[in-house]
Amino acid sequence: MINYDFNKIEKKWQKKWQDKKIFEVNEDPKKKKYYVLEMFPYPSGNGLHMGHAFNYTIGDIYARIMRMKGYNVLYPMGYDSFGLPAENAAIKANIPPRKYTDDAIKNFISQQKSLGLSYDWNRMLKTSDLEYYKWNQYFFLKFYEKGLVYRKSASVNWCKKCNSVLANEQVHNGRCWRHGDTEVEIKQLEQWFIKTTQYADELLADIKKLEWPDRIKIMQDNWIGKSYGSEIKFEINGEKWPIFTTRPDTIFGVTFMVISAQHPKLNELITKDYKKEAETFLKKIRSTKQEDMDKLDKEGVFTGSYAINPLTNEKVPIWIGNFVVADYGSGMVMAVPAHDQRDFEFAKKYRIPVKTVIIPEDTRIITIEESLNKDFYSKVSKFAKISISDGLANIYSDKVDEVFALAKGNFIGSPWYIHSEGKIKKILFHSSKEDRIFDWSSGKGIKEAKDYGLKIKIKKEQLDFNELKQAYTGNGILINSRGFNDLRSDEAKEHIIKALEFKKLGKKTIQYKLRDWLISRQRYWGTPIPIIYCDKCGIVPVLEKDLPVKLPDKVKFGEGNPLATSKDFVSVKCPKCKEKARRETDTMDTFFDSSWYFLRYTDNKNHKSPFDRKKVEYWMPVDQYIGGAEHAVMHLIYARFFTKVLRDLGFFDKKINEPFPKLFNQGMLHGNDGFVMSKSRGNVVLPEEVSEKYGIDTARLFLMSIASPDKDTQWSDNGIEGSLRFVKKVFDVIPKIKTGKSSKRLESKINQTVKNITEEIMGFRYNIAVIKLRQLFEIIEQENEISKNDLDIFLKLLSPFAPHISEELWEKTGRKGFISLADWPVADDKKIDANLEKQEEAMEKTISDVLNILKIIKEKQGKDGEKIYLYVLPNEKDSYNEEMLSKRINKKIKVYAVNDKNKYDPENKSSKVKPGRPGIFVE
RNA sequence: GCGAGGGUAGCGAAGUGGUCAAACGCGCGAGACUCAAAAUCUCGUCUCUUAGUGAGUUCACAGGUUCGAAUCCUGUCUCUCGCACCA
């Protein structure tokens, strides 16, 4: 076998592709377009690792097959080059961020080119280029005009390592998304926000139209977090405070209110008498780390104020609590301790009354009067019988599913109720000393609770739900709710809202968890926000004609906001009054940049506008987007939002509603040790090293064959050897193969494989496609000759995975042009012959029979079989190829038709012959 | 706590009702080639059995549905990921 010089071949074809610009595309109305896109990378100074190669190869294969299928394929690459790491590197190594970034990009490009990716490099973009980011500013102004941008003071997430605020989406588990070890602090700051919430409904509704992995869709759904509820107005100090709740059916159970410690109007409620305690409490909360907050018990203090329940006119105390989220709903909750676990815990701690207003369906409280006086059949659970006499309670039942008795102490005193459904299984007794569960399922008939030695005494005055162990949070039947008693929760919600609406004290509302997008960053390496502050005119947007606001080169780091250190930058004249004014010194979140880059690819050199409408309308939407799941609720939500806004601003046709109708989530590539590749762990596999040793085609093929590309996979230095063997063999065998006529068997196999591989690639089951390709190659190897056309087909099938050697072999076998631009093969169904498949199986079976016999002879008789004779039915003779069999079995094989008079058959094995099953004689 | 997805032979990984003792790759074993090794080629690789056969036990664990289960249902254990006091 020759040792092929893969590196030379790779360079050769990469150069040819580039010189001939074969992957560059233009709008062509005659051709169907297809837009394949991978999430563009942040160009880190560390360069690419194998994980990137894995990701890009997935997209490249897709782009290649679509191109060969005749689509006009847009497959671009660019760089999300603004951002913190460059700035930090600049501070650390004293390199200007622009230089750091440009160097990193250069490095990325050369690495990516050596991966054989078929990008249209002519469309490359960098978000840190003035030609790109000036359009960020332009969009910001457009959004501003439309009222989609606003400035407000709010509690914001602050990461001290980033030295900047973060968007809600960038806080993970109370920590910074970039700095997993850094807790986010809450600061009160005035910042720029984008009204993503204005599109919450559409963003949510359109999720179901997307062909995305379910888990990403679910994540977005949860993130937007729509909940239906109502706003109920509670009167506080003569003022109406709207309070959001999803459980208006529990309004009669409200025994207190809790306001968030961060609520802007909190101070209005704290009365003189409670000021001291409140301040101590608030101080404590503010000094608590965000992370510890979650673990804390519910805590709070009384404000001294009261709210009036609009339906009962009861006065309930207002507490400050550490568990109420300030910016969700109304920042204050109506607390129903009997039916909300948090409220329950709080009430228990501060001995606030608990009032039960919902009981599970099929449940009735047995009132003491009823219980004490007579044998009692539960009204609802018809099969439960409770008898109470002399203060002793026994429970009898044969068909009740679950009987809950809530009791206190030695089962003495306390309220209890029975809940039943279907067959009897268990009876549960809870006591404050221990929880005991009795399995009722073993007993067929009636058992007495007292058999277990239980005595239950009930006293009237102890009917007190404060003894409940936890809140009942399910739906059920209303009690203690005046006119709404006996309604089911869902009915009660409607009725109660109606009653409140009638009094103008409440209404139905919808709440979202999604918050507006905070885009201000107190950092340098980003897009300057085009705003000017004038003492006279206030906030004044930069005029469109004055764009771009260029990011200054000379700033000082480490003294707060870097842009503020550039006097030339800050000082400006007010566009309105022409007086002295100052510029905004914050920059934009880089997710702003990545929210529309896919549009810019369609027209990346446009100086006059962000993109040409026609071009966007030709190429958009992205037909296949590829990227990791880490952007499920960040980039993917922002980009969807942006697209919808630009659509509404008339930048392109109304039909473009979603940027990425189809999304593929690739898995993570782990290192040899099974852990995520990272520099600190030292398990990073570098493409150039692998490439040098095995060739990039081999690496691509291997990456795609380890596992399904949507799964996390593990790099293995051993595994790639297998792929190398295959690549070498192909490279060795193909040029030597005799071209002529393909056998029926080969034709059938080839056409079947074309069909399979096409389907597998289209479904991203690349691993299966590679297996099919290998199986096909095995057949080709076995055959004596192959037709020119079939050989071409094989190379075409190989080419998306191993483009360089495919090109090389294409050329070596005398084909013209680039295989990358050749037509993707179409299967000829007529040539697929199921009978041949059967013959194949018969042959495999025969081989294994022969081998088995050889093994047995060796074991039993200690001799090696030398010659093998097969006796086959005359019509099957052609299916048994002596040469091929001999090669497989490594022995001389002679095939006779059973009716051959001259056959050699000393033991008359030919009598054993059956269709598809030859007789075998070994000697 | 809530939500999503997993657990398949020594390892990686296909397989979602019969064609499954389970593709493919790695590893390992045997043979061929060679003076020898590497490379390459062929075969084998759950257990027992066997002139090409037959039997048994498997797909986290325990039950169940079915004529039939790796595949469907229930429960348990376990791993990964996402959200996390959202009223």
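In this text the structure is predicted, and so the values were computed from the model without any measurement. Throughout, a chain's letter reflects where its sequence line sits, starting with A, and its residues are numbered from 1.
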Touch class at under 4.0 angstrom, heavy-atom based, for [X] against every strand present:
{"X": "V922(A)", "result": "base"}
{"X": "V324(A)", "result": "base"}
{"X": "G329(A)", "result": "nothing"}
{"X": "P918(A)", "result": "base"}
{"X": "R774(A)", "result": "sugar-phosphate"}
{"X": "S716(A)", "result": "nothing"}

Listed nucleotide nearest any side-chain atom of [X], set [options]:
{"X": "K845(A)", "options": "A87(B), A51(B), U53(B)", "result": "U53(B)"}
{"X": "F323(A)", "options": "G52(B), C85(B), C83(B)", "result": "C85(B)"}
{"X": "N718(A)", "options": "G52(B), G3(B), C26(B)", "result": "C26(B)"}
{"X": "V333(A)", "options": "A51(B), A87(B), C26(B)", "result": "A87(B)"}
{"X": "L851(A)", "options": "C43(B), A87(B), A51(B)", "result": "C43(B)"}
{"X": "I218(A)", "options": "A51(B), C83(B), G3(B)", "result": "G3(B)"}
{"X": "Q775(A)", "options": "C24(B), A51(B), A87(B)", "result": "C24(B)"}

More than 12 heavy atoms of other groups within 6.0 Å of [X] [atom1]:
{"X": "K226(A)", "atom1": "NZ", "value": "yes"}
{"X": "K892(A)", "atom1": "NZ", "value": "no"}
{"X": "K508(A)", "atom1": "NZ", "value": "no"}

Are the aromatic rings of Y896(A) and Y904(A) close, with centres under 6.0 Å apart?
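No, the ring centres sit 6.0 Å or more apart.
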
Compute the ring centroids of W715(A) and F702(A), then answer whether they are less than 6.0 Å apart.
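Distance test on ring centres: under 6.0 Å, yes.
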
Give none if [N] has no partner; otherwise give the nucleotide forming a Watson-Crick or G-U wobble pair with it, both distances under 3.5 Å.
{"N": "C85(B)", "answer": "none"}
{"N": "G10(B)", "answer": "C26(B)"}
{"N": "U40(B)", "answer": "A32(B)"}
{"N": "C59(B)", "answer": "none"}
{"N": "U66(B)", "answer": "none"}
{"N": "C48(B)", "answer": "G54(B)"}

Rounding to an integer number of angstrom, what distance separates [N] and [M] when you compare their [atom1] atoms?
{"N": "A21(B)", "M": "C26(B)", "atom1": "P", "value": "25 Å"}
{"N": "A70(B)", "M": "U57(B)", "atom1": "C1'", "value": "14 Å"}
{"N": "A4(B)", "M": "U53(B)", "atom1": "C1'", "value": "49 Å"}
{"N": "C2(B)", "M": "C85(B)", "atom1": "P", "value": "15 Å"}
{"N": "A51(B)", "M": "C67(B)", "atom1": "C1'", "value": "35 Å"}
{"N": "G10(B)", "M": "G29(B)", "atom1": "C1'", "value": "13 Å"}
{"N": "A30(B)", "M": "C77(B)", "atom1": "C1'", "value": "41 Å"}
{"N": "A23(B)", "M": "C11(B)", "atom1": "P", "value": "15 Å"}

I want to confirm an ordering. Mapping D214(A) and R765(A) to their closest nucleotides on RNA chain B, which one lands closer to the 5' end?
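Nearest nucleotide further toward 5': that of D214(A).
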
Between G722(A) and E844(A), which is nearer to the 5' end of RNA chain B once each is assigned its nearest nucleotide?
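Taking each residue's closest nucleotide, the earlier one in sequence belongs to G722(A).
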
Going by an N to O cut-off under 4.0 Å, is there a salt bridge joining E299(A) and K284(A)?
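Answer for the salt bridge query: yes.
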
Would you mind checking if D732(A) and K736(A) are paired as a salt bridge, meaning a charged N to carboxylate O distance below 4.0 Å?
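Salt bridge present between K736(A) and D732(A).
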
Is K348(A) positioned over the aromatic face of Y350(A), cation under 6.0 angstrom from the ring centre and no more than 45 degrees off axis?
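Verdict for Y350(A): no cation-pi partner in K348(A).
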
I want to check a possible cation-pi pair here: K298(A) against W319(A), using under 6.0 Å from ring centre and within 45° of the ring axis as the test.
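K298(A) over W319(A) ring: no.
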
Would you mind reading off the distance between [X] atom [atom1] and [N] atom [atom2], rounded to a whole angstrom?
{"X": "N665(A)", "N": "U80(B)", "atom1": "CG", "atom2": "P", "answer": "20 Å"}
{"X": "F346(A)", "N": "C85(B)", "atom1": "CZ", "atom2": "C1'", "answer": "13 Å"}
{"X": "E630(A)", "N": "C83(B)", "atom1": "CD", "atom2": "P", "answer": "12 Å"}
{"X": "F726(A)", "N": "C26(B)", "atom1": "CZ", "atom2": "P", "answer": "12 Å"}
{"X": "W223(A)", "N": "C2(B)", "atom1": "CH2", "atom2": "C1'", "answer": "15 Å"}
{"X": "I847(A)", "N": "A51(B)", "atom1": "CD1", "atom2": "P", "answer": "22 Å"}
{"X": "N222(A)", "N": "G5(B)", "atom1": "CG", "atom2": "P", "answer": "13 Å"}
{"X": "K728(A)", "N": "U40(B)", "atom1": "NZ", "atom2": "C1'", "answer": "10 Å"}

What verdict does the ring pair (Phe, Tyr, Trp, His ring centres under 6.0 Å) test give for Y512(A) and Y328(A), after you've listed the backbone C-alpha separation in whole Å, the side-chain angles of each residue and the deciding distance to 0.1 Å?
CA-CA 8 Å; Y512(A) 295 95; Y328(A) 179 79; 9.6 Å; no

Donor-acceptor pairs under 3.5 angstrom involving side-chain atoms of residues 766-776 of chain A: please list them, not counting sequence neighbours.
residue: Y766(A); atom: OH; partner: I58(A); partner atom: O; Å: 2.9
residue: R774(A); atom: NH2; partner: G722(A); partner atom: O; Å: 3.4

Any N or O donor-acceptor pair under 3.5 Å from the base of C24(B) to the side chain of K772(A)?
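A donor-acceptor contact between them is absent.
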
Counting only side-chain nitrogens and oxygens, does R725(A) get under 4.0 Å of the OP1 or OP2 atom of C26(B)?
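Indeed, a polar side-chain atom of R725(A) lies that close.
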
N or O in side chain of K729(A) less than 4.0 angstrom from C41(B) OP1/OP2:
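True: K729(A) side-chain N/O within range (under 4.0 Å) of C41(B) OP1/OP2.
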
Which letter, B, S or -, goes with each nucleotide of nucleotides 8-14 of chain B from 5' to 3', with contact meaning a protein heavy atom under 4.0 Å?
----SSS

